[in-house]
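Letters A, B, ... mirror the listed sequences (proteins, then strands); counts begin at 1.
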Number of protein chains: 2
Amino acid sequence: MSITPKVLLRSLSDQTRLRCLMLLIQEGELCVCELTHALDLIQPKISRHLASLRDMQIVNDRRAGQWIYYSINSVLPDWANELLQATLKGSKNEKQFKDDLKKLKGMPNRPNNRICA
Amino acid sequence: MSITPKVLLRSLSDQTRLRCLMLLIQEGELCVCELTHALDLIQPKISRHLASLRDMQIVNDRRAGQWIYYSINSVLPDWANELLQATLKGSKNEKQFKDDLKKLKGMPNRPNNRICA
DNA sequence: ATAATATATATGTTTGACCGTATATATGTC
DNA sequence: GACATATATACGGTCAAACATATATATTAT
């Protein structure tokens, strides 16, 4: 079964999950420590919300050494991708989003997440 | 100030508000009793959620005699309209949405909501 | 094996949002 | 005026979900 509007919208209704997803859409793949740094929240909180997004099949995870990388599920239905893109479009004006992105870019010692190093 | 993703997504996270909005997008303008009938919920519940959507400037209301008609705010930003359209696209497969629409169409004594009668 | 780092999860608590019931308000009809 | 219909709101209760803290697990390095 594929995701429903009910499930996706419920997930997007929490600010922490929304902020994570916006960064993931924009950046492609991020690990927990990058998201923790960018959002300036405690690690268990980020992990908990990412686990929830994984359970809803909105994101996928991949282990690489001690890091676990999350990314948007690549096989979401069209309407879901369109919904996420519309949300990103709306978020780009938001101070919160800009700040998160800036914080991410400025993170020291970012782990290298390139699959082909 | 215009609506934010945070506010719109929070509004869409409740099933009652989501169902109302999907019918409003599809049908243009509906009164409280039509929505109450279509969703098969009690009137105060519908009114409460519509008031919330009005407060968030997602819908407008208009009185016509004893009826109050609600419709999607016509000056939402592009991203918000795109988000709603994507949601509608995803909802059209859903049994819940189909049932709501069928119930609305089959409602006896629907008030006539045409502005120019 | 010990220590350090990254991530996940368990636990108990709190809070905000939704709920149903009751009631108030507004309009129309007789 | 009295009554019916449509809608809004106030009130108190309930519950899901989010929270912080503490701890467990996994990986890497020394």
CD/A:Gln26: more than 12 non-hydrogen atoms of other groups inside 6.0 Å: yes

Protein-nucleotide distance (B:Tyr69, atom OH; C:dT27, atom C1'), rounded to Å: 13 Å

Euclidean distance, atom CG of residue B:Leu39 to atom C1' of D:dT7 [Å, nearest integer]: 16 Å

Minimum heavy-atom distance B:Met22-B:Leu84, with the two atoms named: CE-O, 4.1 Å

Using whole Å, what does the distance between atom P of nucleotide C:dA6 and atom CZ of A:Arg110 come to? 14 Å

Round to the nearest Å and state the distance from A:Asp55 atom CG to D:dA17 atom C1'. 14 Å

Distances under 3.5 Å between protein N/O atoms and the N/O atoms of nucleotides 8-11 of chain D, please, pair by pair.
from, atom 1, to, atom 2, distance (Å)
D:dA8, OP1, B:Tyr70, OH, 2.6
D:dA8, OP2, B:Ser47, OG, 2.7
D:dA8, N7, B:Gln43, NE2, 2.7
D:dA8, N6, B:Gln43, OE1, 3.4

Can you tell whether the side chains of A:Glu27 and A:Lys105 come within less than 4.0 Å, N to carboxylate O? yes

Looking only at heavy atoms, what is the nearest atom pair of A:Ser13 and A:Arg17, with distance? OG-NH2, 4.3 Å

Just wondering, more than 12 heavy atoms not from B:Gln43 lying within 6.0 Å of its CD? yes

Taking atom P of C:dA6 as reference, at what distance in whole Å does atom CG of A:Leu35 sit? 14 Å

Give a yes/no answer on whether the side chain of B:His49 brings an N or O atom under 4.0 Å of OP1 or OP2 in C:dC19. yes

For A:Ile42 and B:Cys33, find the nucleotide of DNA chain D closest to each by heavy atoms; which residue's nucleotide sits nearer the 5' end? B:Cys33

End-to-end bend of the helix from C:dA1-D:dT30 to C:dC30-D:dG1 (five-pair axes, 10° rounding)? 20°

Which heavy atom of B:Asn60 sits nearest a heavy atom of B:Ser74, and at what distance? OD1-N, 4.0 Å

Tell me whether the OP1 or OP2 atom of D:dA18 has a side-chain N or O from A:Arg10 closer than 4.0 Å. yes

Minimum heavy-atom distance A:Thr87-B:Pro5, with the two atoms named: O-CG, 4.2 Å

Atom pair distance, as rounded to whole Å: CE in B:Met107 and P in D:dA6: 8 Å

Nearest heavy atoms of A:Cys31 and A:Trp67, plus distance in Å: SG-CD1, 4.0 Å

Whole Å only: how far is the CG atom of A:Asp14 from the C1' atom of C:dA17? 14 Å

Between CD of B:Gln66 and P of C:dT27 the distance, given in whole Å, is 10 Å

Using a strict 4.0 Å threshold on nitrogen-to-oxygen distance, state whether A:Glu94 and B:Lys6 make a salt bridge. no

